[in-house]
Visitor: 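Could you have a look at this structure, given as structure tokens, before my questions?
Convention: sequence-line order gives letters A, B, ...; per-chain numbering from 1.
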Number of protein chains: 2
Amino acid sequence: MKYKIFLVEDDKHFAYVLQSFLKTKGYEVDWFENGEIALEKYKNNHFYHLMLIDVMMPKKDGITLVKEIRSINPSIPIIFITAKSQNKDILTGYEVGADDYVIKPFSVDILLARMQVLLNRVYPRSDTTEIVAGNSLLDINRNILILNNKEEIKLSPLELEILKILFQNLNKLTTKNELLMHLYGDVDYFKSRTLDVYIAKVRKWIKQDPHLELISLPRQGYKLVSLK
Amino acid sequence: MKYKIFLVEDDKHFAYVLQSFLKTKGYEVDWFENGEIALEKYKNNHFYHLMLIDVMMPKKDGITLVKEIRSINPSIPIIFITAKSQNKDILTGYEVGADDYVIKPFSVDILLARMQVLLNRVYPRSDTTEIVAGNSLLDINRNILILNNKEEIKLSPLELEILKILFQNLNKLTTKNELLMHLYGDVDYFKSRTLDVYIAKVRKWIKQDPHLELISLPRQGYKLVSLK
DNA sequence: AAAAAAAGTTAAAAAATGTTAAAACAAAAA
DNA sequence: TTTTTGTTTTAACATTTTTTAACTTTTTTT
């Protein structure tokens with residue numbers, strides 16, 4: 001999914017270069033020439049992930065613009081890009097609610113790094129949630145098992161947890177107790193039997209992948225092995 | 001509540017001045033003289049809100065230190081404070097996982113502003129009015145959900161509260177109890193059923209956004225995930 | 001090899017949740 | 001006040017998930 005950037009900059013040439021660069025980096029960029037137009041457009045469409053705003057502009061300057069945007073949306077990430085490098089100006093920028101203040105001339109790589117840091121903070125990506133084994137993939141975030149790069153199987157919570165542990169311990173022994181403690185926090189006869197039932201279910205799926213096998217080691221546990 | 005700052009800086013005089021300043025501004029500051037000591041201390045006590053780390057230090061430099069800290073804690077806010085002002089150095093700083101990079105000599109007010117911005121992002125006060133997820137936007141002020149950047153749906157109070165919590169916990173599990181406690185302050189059978197009814201309603205909307213999915217985890221809760 | 005224990009398998013029962021519609025309630029308008 | 005409108009709750013039925021039960025096979029113990 002592409003991030004949408006709201007760029008406000010009166011220097012057409014600079015804006016064009018910046019816009020092109022960001023597009024090559026996979027961003028969608030909408031450019032607005034001054035604060036007045038920008039505010040108008042933002043009122044019509046709030047759907048942006050980050051704003052890059054110049055300070056000195058005709059019609060409506062960046063500081064005023066950000067004040068007004070902040071009154072509508074106190075949380076959207078905003079970075080000032082400007083030639084004004086006095087401490088006083090920078091502090092004003094932060095005071096009106098900017099997240100960062102980048103001084104021209106700047107390296108685009110550094111602007112990019114700062115944008116990425118900010119975007120990652122505000123829209124945290126869910127931690128890696130895909131485990132590959134054999135010809136299959138377990139997507140923990142979406143609760144699905146994809147067999148042979150094809151068939152998607154929706155998993156119930158219990159199914160997912162069991163597969164998660166087996167996949168994480170690929171080619172290693174997973175004890176029954178380990179599984180039960182993880183699923184229930186304790187161990188008893190009926191829970192153990194429930195697990196047996198689920199193992200049977202999981203085994204049916206695993207069988208469909210010729211590169212995977214779920215081996216039972218009686219009195220020890222289970223081992224998901226990937227075959228060549 | 002006071003924020004706890006983890007300061008790593010080999011220049012004793014500079015560290016003392018900075019520490020004193022931050023204390024007058026209401027922060028608690030623990031100072032460590034080099035990367036080696038710092039890492040040792042951090043391993044014993046993870047309870048810090050933000051780290052200020054010098055790059056050039058004897059024993060263990062800041063870059064190495066941050067790499068090691070990030071492997072323990074991928075999310076704690078880190079600001080480099082350093083005299084190294086080459087683009088190459090700055091980019092390295094961001095690459096190893098810093099949130100900001102402040103070049104010496106700097107005005108303490110500006111450092112303070114940057115710290116505040118970062119702390120507000122990481123430990124947000126709940127005054128956000130708009131949350132973006134997938135291709136959609138929840139406008140808490142106007143009580144509307146904008147789907148696919150197009151269709152506006154007016155939300156009832158209950159609908160809004162449910163969506164608010166789901167959007168705030170994007171890609172994370174929201175337990176049914178959490179939702180019920182937030183909506184009603186207590187939990188019973190009928191309230192739980194009411195929630196089920198509303199989840200069905202909300203799910204219909206969410207389905208319209210191809211970048212969003214509302215997953216049910218029976219016995220656990222719900223998870224709003226943003227795809228791709 | 002026989003008995004006991006553990007695990008595999010399938011089906012049924014129980015519990016939880018999904019879904020739709022109607023009833024009850026509350027706030028605003030006539 | 002009554003009517004209208006919108007919201008929340010309850011009810012009824014459907015589906016999914018988990019647990020229990022019953023029976024079978026495998027493994028371990030005696």
Side-chain angles (χ1 to χ4, degrees), chain A residues 140 142-145 152-166 173-208 212-225, chain B residues 140 142-145 152-166 173-208 212-225:
Chain A
I140 294 164
R142 295 180 55 208
N143 305 261
I144 56 172
L145 173 67
E152 290 196 7
I153 296 166
K154 271 193 214 165
L155 302 172
S156 81
L158 220 45
E159 290 158 4
L160 177 71
E161 279 309 306
I162 291 167
L163 281 169
K164 198 163 107 184
I165 297 179
L166 292 174
L173 176 76
T174 307
T175 67
K176 242 186 133 170
N177 266 354
E178 202 180 315
L179 277 162
L180 289 168
M181 285 307 288
H182 187 262
L183 298 175
Y184 298 103
D186 69 333
V187 178
D188 67 26
Y189 172 77
F190 287 108
K191 281 163 188 155
S192 168
R193 299 303 283 132
T194 300
L195 178 57
D196 292 337
V197 170
Y198 272 86
I199 288 288
K201 209 171 180 187
V202 162
R203 197 191 301 282
K204 273 188 195 158
W205 295 329
I206 298 291
K207 262 201 188 118
Q208 294 175 45
L212 284 181
E213 193 180 348
L214 181 56
I215 294 174
S216 288
L217 299 155
R219 301 216 132 176
Q220 298 183 61
Y222 304 96
K223 194 155 74 169
L224 181 67
V225 297
Chain B
I140 295 163
R142 295 172 54 212
N143 306 269
I144 55 170
L145 174 67
E152 293 197 4
I153 295 165
K154 272 191 213 165
L155 301 171
S156 80
L158 217 46
E159 290 158 4
L160 178 68
E161 278 310 305
I162 291 167
L163 280 170
K164 198 164 106 184
I165 296 180
L166 292 173
L173 176 77
T174 307
T175 66
K176 244 187 131 171
N177 268 354
E178 202 180 314
L179 276 162
L180 290 168
M181 286 307 288
H182 187 262
L183 298 175
Y184 298 103
D186 69 333
V187 178
D188 66 27
Y189 173 78
F190 287 106
K191 280 162 188 155
S192 168
R193 299 304 281 128
T194 300
L195 179 56
D196 292 336
V197 170
Y198 272 85
I199 288 289
K201 209 171 179 186
V202 161
R203 196 192 302 282
K204 272 189 197 158
W205 298 329
I206 298 290
K207 261 204 188 114
Q208 294 176 45
L212 286 181
E213 193 178 347
L214 181 56
I215 292 175
S216 289
L217 300 155
R219 299 203 150 173
Q220 297 184 52
Y222 304 95
K223 196 159 70 169
L224 182 66
V225 301

Visitor: Is a salt bridge present between B/Glu152 and B/Arg142, judged by a nitrogen-to-oxygen distance below 4.0 Å?
Guide: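 B/Arg142 and B/Glu152: salt-bridged.
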Visitor: Please report, rounded to the nearest Å, how far the P atom of D/dT18 is from the CD atom of A/Glu161.
Guide: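 The answer, rounded to whole Å, is 11 Å.
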Visitor: For C/dG18, take OP1 and OP2 only and decide whether either is under 4.0 Å from a side-chain N or O of B/Tyr222.
Guide: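 It does, given that an N or O in the side chain of B/Tyr222 lies less than 4.0 Å from OP1 or OP2 of C/dG18.
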Visitor: Can you confirm whether the side chains of B/Ser192 and B/Lys176 place a donor and an acceptor under 3.5 Å from each other?
Guide: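 Indeed, the side chains of B/Ser192 and B/Lys176 share at least one donor-acceptor pair under 3.5 Å.
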Visitor: Could you check which of C/dA5, C/dG18, D/dT18 has an atom nearest any side-chain atom of B/Ser216?
Guide: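 The closest nucleotide is C/dG18.
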Visitor: A/Tyr189 OH to C/dA5 P: how many Å, rounded?
Guide: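 Rounded to whole Å, this separation is 12 Å.
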Visitor: Using whole Å, what does the distance between atom P of nucleotide D/dT17 and atom NZ of A/Lys154 come to?
Guide: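 Distance check: A/Lys154 NZ to D/dT17 P gives 8 Å.
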Visitor: Would you mind reading off the distance between B/Phe190 atom CZ and C/dA24 atom P, rounded to a whole angstrom?
Guide: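 These atoms are roughly 14 Å apart.
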Visitor: When you check the phosphate oxygens OP1 and OP2 of C/dT20, does a side-chain N or O of B/Arg203 lie under 4.0 Å from one of them?
Guide: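 B/Arg203 to C/dT20 OP1/OP2: no side-chain N or O under 4.0 Å.
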Visitor: If you check the A/Pro157 side chain, which of C/dA6, D/dT18, D/dA11 turns out closest?
Guide: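 Nearest to the side-chain atoms of A/Pro157, counting from C-beta on, is D/dT18.
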Visitor: Could you please name the option among D/dT8, C/dG8, C/dT19 that lies closest to any side-chain atom of B/Lys201?
Guide: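 Among D/dT8, C/dG8, C/dT19, the one nearest the side chain of B/Lys201 is D/dT8.
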Visitor: Does C/dA14 have its OP1 or OP2 closer than 4.0 Å to a side-chain nitrogen or oxygen of B/Arg219?
Guide: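 So the side chain of B/Arg219 is outside the cut-off, no N or O lying under 4.0 Å from OP1 or OP2 of C/dA14.
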Visitor: Among C/dT19, D/dT19, D/dT28, which nucleotide has an atom closest to any side-chain atom of B/Asp196?
Guide: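 Of all the options, the side chain of B/Asp196 is nearest to C/dT19.
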Visitor: Counting side-chain heavy atoms from C-beta on, which of C/dG18, D/dT9, C/dA7 comes nearest to B/Tyr184?
Guide: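 Nearest to the side-chain atoms of B/Tyr184, counting from C-beta on, is D/dT9.
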Visitor: Both A/Leu155 and B/Ser156 contact DNA chain D. Taking the nearest nucleotide for each, which residue is further toward the 5' end?
Guide: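 Checking each residue's closest nucleotide, the 5'-ward one belongs to B/Ser156.
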Visitor: Looking at B/Ser192, I'd like to know whether one of its side-chain N or O atoms comes within less than 4.0 Å of OP1 or OP2 on C/dA16.
Guide: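 False: B/Ser192 side-chain N/O out of range (4.0 Å or more) of C/dA16 OP1/OP2.
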Visitor: Round to the nearest Å and state the distance from A/Leu214 atom CG to C/dA7 atom P.
Guide: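 So the two atoms are 14 Å apart, to the nearest Å.
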Visitor: What's the NZ-P distance between B/Lys191 and D/dA11, to the nearest Å?
Guide: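 Nearest whole value for this atom pair: 15 Å.
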Visitor: Within less than 4.0 Å of OP1 or OP2 of C/dA7, is there a side-chain N or O belonging to A/Lys176?
Guide: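 True: A/Lys176 side-chain N/O within range (under 4.0 Å) of C/dA7 OP1/OP2.
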Visitor: Of all the choices, D/dA11, D/dT18, C/dT20, which nucleotide is nearest to the side chain of B/Lys204 once you look at every atom?
Guide: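 Out of D/dA11, D/dT18, C/dT20, the nucleotide with an atom closest to B/Lys204's side chain is C/dT20.
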Visitor: With respect to the side chain of B/Tyr198, which nucleotide from D/dT7, D/dA21, D/dT17 is positioned closest?
Guide: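 It is D/dT7.
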Visitor: Under the criterion side chain to side chain contact (heavy atoms under 4.5 Å, CB included), which of B/Leu214, B/Val197, B/Leu155 is the partner of B/Val202?
Guide: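 Going through B/Leu214, B/Val197, B/Leu155 one by one, the side chain to side chain contact (heavy atoms under 4.5 Å, CB included) with B/Val202 is satisfied by B/Leu214 alone.
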Visitor: Once you round it to whole Å, what is the distance between P of D/dT7 and CG of B/Leu183?
Guide: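 Going from CG in B/Leu183 over to P in D/dT7 covers 16 Å.
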Visitor: Just compare D/dA22, D/dT10, C/dT19 and give me whichever is closest to any side-chain atom of B/Thr194.
Guide: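 Selected nucleotide (nearest to the side chain): D/dT10.
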Visitor: Mind checking if B/Arg193 touches a base, just sugar-phosphate, or nothing, with heavy atoms under 4.0 Å?
Guide: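 Base, at least one base atom sits under 4.0 Å.
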Visitor: Between D/dT17 atom P and A/Leu163 atom CG, what is the distance in whole Å?
Guide: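 Value for this atom pair: 14 Å.
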Visitor: Once rounded to the nearest 0.5 Å, what's the spacing between atom CG of A/Leu160 and atom CD1 of A/Ile162?
Guide: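 Result: 9.5 Å between the selected atoms.
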Visitor: Have a look at B/Lys191 and tell me which of B/Leu179, B/Asp196, B/Leu180 forms a side chain to side chain contact (heavy atoms under 4.5 Å, CB included) with it.
Guide: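 Among B/Leu179, B/Asp196, B/Leu180, the one meeting side chain to side chain contact (heavy atoms under 4.5 Å, CB included) with B/Lys191 is B/Leu180.
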Visitor: Has A/Glu159 got a side-chain atom pairing as donor or acceptor with A/Ser156's backbone, closer than 3.5 angstrom?
Guide: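 Yes, A/Glu159 side chain to A/Ser156 backbone: donor-acceptor pair under 3.5 Å.
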Visitor: Looking only at side-chain atoms of B/Leu158, point me to the closest of D/dT9, C/dT19, D/dT18.
Guide: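 Closest of the options to the side chain of B/Leu158: D/dT9.
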